[in-house]
**Student:** 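Before I ask anything, here is the structure I am working with.
Since the model is a prediction, treat every value here as computed from it, not as a measurement. Here is the naming used below: chain letters follow the sequence lines, and residue numbers restart at 1 for every chain.
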Number of protein chains: 2
Amino acid sequence: MNKSENIVVWLIEDNASYRRSVARAIDSEAGMICGGAFDSFEAAQQQFESAGDPDVVLLDVGLPGMDGIEALGEIRKLHAAANVIILTVFDDHDKIFRALCAGASGYLLKTSKVEEIADAIRQAREGGAPMTPKVASRVLEFFSKQPAARKKNSAYDLTAREQEILALMSDGLIKKEIADRLDISSHTVSTHLRSIYEKLHVNTNTGAVAKAIREKII
Amino acid sequence: MNKSENIVVWLIEDNASYRRSVARAIDSEAGMICGGAFDSFEAAQQQFESAGDPDVVLLDVGLPGMDGIEALGEIRKLHAAANVIILTVFDDHDKIFRALCAGASGYLLKTSKVEEIADAIRQAREGGAPMTPKVASRVLEFFSKQPAARKKNSAYDLTAREQEILALMSDGLIKKEIADRLDISSHTVSTHLRSIYEKLHVNTNTGAVAKAIREKII
DNA sequence: TCGACAATCGCACGATGGTGTGAGGGACAT
DNA sequence: ATGTCCCTCACACCATCGTGCGATTGTCGA
């Protein structure tokens, strides 16, 4: 966050009048300030060093030039701490899905009232996921189409702790890191892994990870 | 929706005092009414015919008796039109994920203020997905771990040999076994793995295997 | 012809992992 | 109360791995 209490918001939007309108709405809101308004990602990019760091970026994914989703990826790389909220007219499944996968913190349609944008910015800073109802329903739809809500654990009878450790190892962590993360001894991790290997009928870390991911145990 | 303008809310929650507190908050809110407050799903079930139909159901997944997620499924079957909002103390990944897959319209933690519950009910009726920030961040996390978007499609530029070795390691083979299988020296396997790790930006065998499988490189 | 690169092989070091063996405490059901 | 899990921790031995530092081939395009 910023040293001041204000949330610094950047706006990347090619439509000049809409951009001004949103920028004004943000500035008139207490607790936040529009620190930059750009008509393309490239324009914003040049300011990333000179103009301080944004807390929140409002991004249109229908930008000319670079594809909006790629821009999102770039922003995330340049600025992992910033929350990126998509603000666009597109509500198709693919754009929404790709944006969320690329690390968007929220997804608003331009049908939203400008006053609601301020709320969304605050929500995003609190770890929330501000979404227009229409977008939210598509996200829920995605989950409800997920098959079977994941059955227990495919007959391997892993305990909760074992699954936890297996999951961490499948993220590439080594024993010591897992031990630190769970705040237990690395010897204990070894003991759990021993049980996991036995239950999965493998005898290497790679074998366990492969089986875990392939059979969707984790 | 109901013929009246009021949103009819049912509450299934075993803690009596919390139940009363929430019921009161709903009734005191304009535009909605608590049409039923039950301490278990079974109790609610008996009223499903006699007591009219709820528009929204607030459901605790930590109920005694039937598992909350199963109850959610039952409610969805008996009442496809109702929005079910989970209201619980549990914020673990598994419960959230299973609830959303089972068709929940929202997921609130009991740390929420009772006043926020009314907002959530309205959001749900508008097709939104009311979620406590903590829950929302877990949902986002889920998407950001989806490989779909970041697949520039094998943008990792692995050579054929590297892919071959990565595939074998993802089957649980160790270096020596891979060397034997390919009829090359284990040192050579080491060299290839070195390149693989560099290209995938990992530094452990498990990390490489996890990335390989999840991003469908192999 | 020359450089870039893939594929092969080697050695050595320290770090990490797998496994045998052992143990204590807590939760829970018979 | 007794036994059965689960989780926890410990030590030791050896295998395996990650990596820095080499090296020699062959292919392929510039």
Side-chain angles (χ1 to χ4, degrees), chain A residues 152-214 217-218, chain B residues 62-67 89-90 92-95 153-213 217-218:
Chain A
K152 270 305 172 194
N153 49 37
S154 317
Y156 289 108
D157 276 341
L158 293 183
T159 69
R161 200 55 153 174
E162 286 162 1
Q163 288 187 47
E164 202 174 2
I165 287 174
L166 185 52
L168 290 174
M169 200 168 66
S170 299
D171 281 335
L173 275 65
I174 65 175
K175 273 201 274 200
K176 195 152 78 69
E177 291 169 335
I178 295 173
D180 287 347
R181 183 79 72 93
L182 298 180
D183 206 32
I184 57 179
S185 158
S186 65
H187 294 118
T188 304
V189 177
S190 279
T191 305
H192 285 304
L193 283 177
R194 184 173 294 173
S195 306
I196 292 171
Y197 293 162
E198 197 179 343
K199 289 177 181 177
L200 298 190
H201 302 110
V202 298
N203 59 350
T204 60
N205 53 4
T206 50
V209 168
K211 204 152 186 169
I213 298 178
R214 288 217 169 92
I217 296 173
I218 53 158
Chain B
L63 295 171
M66 179 182 276
D67 174 63
V89 296
F90 300 103
D92 57 285
H93 182 285
D94 192 52
K95 278 230 172 42
N153 195 18
S154 41
Y156 291 105
D157 276 341
L158 293 182
T159 69
R161 200 53 153 175
E162 286 163 0
Q163 287 188 44
E164 201 175 2
I165 287 174
L166 185 52
L168 288 174
M169 200 168 65
S170 299
D171 280 336
L173 276 65
I174 63 174
K175 272 202 271 200
K176 196 152 71 74
E177 292 170 335
I178 296 173
D180 288 347
R181 183 77 72 91
L182 298 180
D183 206 34
I184 56 179
S185 156
S186 67
H187 293 118
T188 305
V189 177
S190 279
T191 305
H192 286 305
L193 282 178
R194 191 176 309 205
S195 305
I196 292 170
Y197 293 161
E198 195 179 347
K199 289 178 181 176
L200 297 191
H201 301 110
V202 298
N203 59 349
T204 60
N205 52 5
T206 51
V209 168
K211 204 153 188 172
I213 296 178
I217 296 174
I218 54 158

**Student:** Let me spell it out: for each of K199(A) and T188(A), pick the nucleotide of DNA chain D with the closest heavy atom. Which residue's pick is nearer the 5' end?
**Tutor:**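 Its nucleotide being nearer the 5' end, the pick is K199(A).
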
**Student:** When you measure from the side chain of S185(A), which nucleotide among dC9(D), dC7(D), dG18(D) comes out closest?
**Tutor:**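 The answer is dC9(D).
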
**Student:** Do R161(B) and L182(B) touch side chain to side chain, with heavy atoms closer than 4.5 Å?
**Tutor:**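 Side chain of R161(B) against side chain of L182(B), heavy atoms only: contact under 4.5 Å found.
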
**Student:** Figure out the CD1/P separation between I184(A) and dC7(D), and round it to whole Å.
**Tutor:**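 Distance check: I184(A) CD1 to dC7(D) P gives 10 Å.
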
**Student:** Check the distance between dT8(D)'s C1' and D183(A)'s CG and give it to me in whole angstrom.
**Tutor:**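 In whole Å, dT8(D) C1' and D183(A) CG are 12 Å from each other.
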
**Student:** So, is H192(A) near the phosphate of dT8(D), with a side-chain N or O under 4.0 Å from OP1 or OP2?
**Tutor:**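 Answer is yes, contact under 4.0 Å.
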
**Student:** Between the protein and nucleotides 19-22 of chain D, list the N/O to N/O atom pairs that are separated by less than 3.5 angstrom.
**Tutor:**
from    : atom 1 : to      : atom 2 : distance (Å)
dG20(D) : N7     : R194(B) : NH1    : 2.9
dG20(D) : O6     : R194(B) : NH2    : 3.3
dC21(D) : N4     : R194(B) : NH1    : 2.8

**Student:** Would Y197(A) and T204(A) count as a side-chain contact (heavy atoms from CB on, under 4.5 Å) here? Give the steps.
**Tutor:** CA-CA 7 Å; Y197(A) 293 162; T204(A) 60; over 6 Å; no

**Student:** I need the I178(A) CD1 to D171(A) CG distance, nearest 0.5 Å.
**Tutor:**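 One finds 9.0 Å between CD1 of I178(A) and CG of D171(A).
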
**Student:** Verify the contact: side-chain N or O of T159(A) to OP1 or OP2 of dC7(D), cut-off strictly under 4.0 Å; return yes or no.
**Tutor:**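 So the side-chain polar atoms of T159(A) do come within 4.0 Å of the phosphate oxygens OP1 or OP2 of dC7(D), strictly under.
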
**Student:** Give the intermediate values and the outcome of side-chain contact (heavy atoms from CB on, under 4.5 Å) for residues L166(A) and L200(A).
**Tutor:** CA-CA 11 Å; L166(A) 185 52; L200(A) 298 190; 4.2 Å; yes

**Student:** Between which nucleotides of DNA chain C, read 5' to 3', does contact with chain B run, using atoms under 4.0 Å from its heavy atoms?
**Tutor:**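 Taking any atom under 4.0 Å from a heavy atom of chain B, the span is dA6(C) to dC11(C).
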
**Student:** Would you compute the distance between atom OG of S185(A) and atom NZ of K175(A) and round it to the nearest 0.5 angstrom?
**Tutor:**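 Going from OG on S185(A) over to NZ on K175(A), the span is 10.0 Å.
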
**Student:** Supply the atom-to-atom distance H192(B) NE2 to I184(B) CD1, rounded to the nearest 0.5 angstrom.
**Tutor:**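 Spacing of NE2 (H192(B)) from CD1 (I184(B)) equals 5.0 Å.
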
**Student:** Nearest 0.5 Å please: distance from the CG atom of L193(A) over to the CD atom of E162(A).
**Tutor:**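 Separation between the atoms: 9.5 Å.
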
**Student:** Please check this pair: side chain of S170(B) against backbone of A210(A), looking for a donor-acceptor N/O pair closer than 3.5 Å.
**Tutor:**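 No; zero donor-acceptor contacts below 3.5 Å.
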
**Student:** Rounded to the nearest Å, what distance is computed from the NE2 atom of residue H187(B) to the C1' atom of nucleotide dT24(D)?
**Tutor:**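 My rounded result for the distance is 16 Å.
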
**Student:** Quick one, M169(A) and I196(A) - any side-chain contact, counting heavy atoms below 4.5 Å?
**Tutor:**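 Result no, sub-4.5 Å side-chain heavy-atom pair not found.
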
**Student:** Atom CD1 of I174(B) to atom C1' of dC14(D): distance rounded to whole Å?
**Tutor:**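 One finds 13 Å between C1' of dC14(D) and CD1 of I174(B), rounded.
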
